[in-house]
Amino acid sequence: MYLLWKEELTSRFGIGACFSTCPKYAHRHSSSDGAFMICKVLTKKIEVVDVNYNLDVPTNCENDTSLSKTGKVYVKYDDNTFYPEFIVYYR
C-alpha cells in the first residue's frame, strides 16, 4: 500500500502522515468513509503542537513525531516509521 502523505499540502498539526487513536475523530476528518487502516506507528521523541498548517517537520530536530494538544492526532514526517497492519471496512 502506498500512502500519498508527501503530496498533502496542508494538515492541522503538520504536513505528514496523520494517525489518530480515536476512530470517531479519524472518521470525521477523513476524505472518504467506510474504511480505516490500523497501523503500527513508531515514535521516539514527541513534540506536542497546536494547530499549525505550515509545520513541515517538528521544530526540534531531535523529535520524530508531532502530537496534537488533545492527544488525538499523531503526525509522522518520514517513511518506514509506520506500518499498515489491517484495513477495516464499515457501514
Side-chain angles (χ1 to χ4, degrees):
M1 177 174 292
Y2 176 65
L3 299 175
L4 299 174
W5 68 269
K6 289 183 181 179
E7 296 178 15
E8 183 68 33
L9 299 176
T10 62
S11 180
R12 290 174 54 94
F13 304 104
I15 300 172
C18 298
F19 302 91
S20 179
T21 56
C22 178
K24 186 176 181 179
Y25 180 92
H27 172 75
R28 188 176 38 176
H29 293 284
S30 68
S31 59
S32 64
D33 52 1
F36 280 111
M37 286 193 319
I38 298 176
C39 301
K40 294 273 187 177
V41 180
L42 298 174
T43 61
K44 185 176 179 182
K45 291 196 175 193
I46 297 173
E47 179 176 331
V48 177
V49 298
D50 203 355
V51 173
N52 184 345
Y53 288 96
N54 298 314
L55 184 63
D56 290 330
V57 295
T59 56
N60 182 339
C61 65
E62 293 182 7
N63 297 332
D64 66 342
T65 306
S66 293
L67 174 64
S68 67
K69 285 187 175 183
T70 63
K72 291 183 180 178
V73 180
Y74 291 80
V75 181
K76 297 299 295 184
Y77 299 92
D78 50 19
D79 294 326
N80 304 320
T81 58
F82 53 89
Y83 177 78
E85 283 195 303
F86 302 100
I87 298 177
V88 178
Y89 296 95
Y90 64 95
R91 295 181 201 197

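Taking CG of Asp78 as the reference point, atom OG1 of Thr65 lies at 8.0 Å (rounded to 0.5 Å). The distance from the SG atom of Cys39 to the NZ atom of Lys76 is 12.0 Å, given to the nearest 0.5 Å. In this structure, the separation between NZ on Lys44 and CD on Glu62 is 8.5 Å, given to the nearest 0.5 Å.
Between Ala35 and Tyr90, the closest heavy-atom pair is N-CE2, 3.3 Å. Here the shortest heavy-atom pairing between Phe36 and Pro23 reads CZ-O, 3.2 Å.
Formation of a donor-acceptor pair under 3.5 Å by the Ser66 side chain with backbone atoms of Val75 is not found in this model. Under the 3.5 Å distance criterion, the side-chain polar atoms of Thr81 are left unmatched by any main-chain donor or acceptor of Leu42. Although no hydrogens or angles enter the test, the distance criterion places a donor-acceptor pair under 3.5 Å between the side chain of Asp64 and the main chain of Lys45.
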Could you go step by step and tell me if Phe19 and Met37 meet the side chain to side chain contact (heavy atoms under 4.5 Å, CB included) rule?
CA-CA 9 Å; Phe19 302 91; Met37 286 193 319; 5.7 Å; no
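Counting heavy atoms from C-beta on, the side chains of Tyr74 and Thr21 come closer than 4.5 Å.
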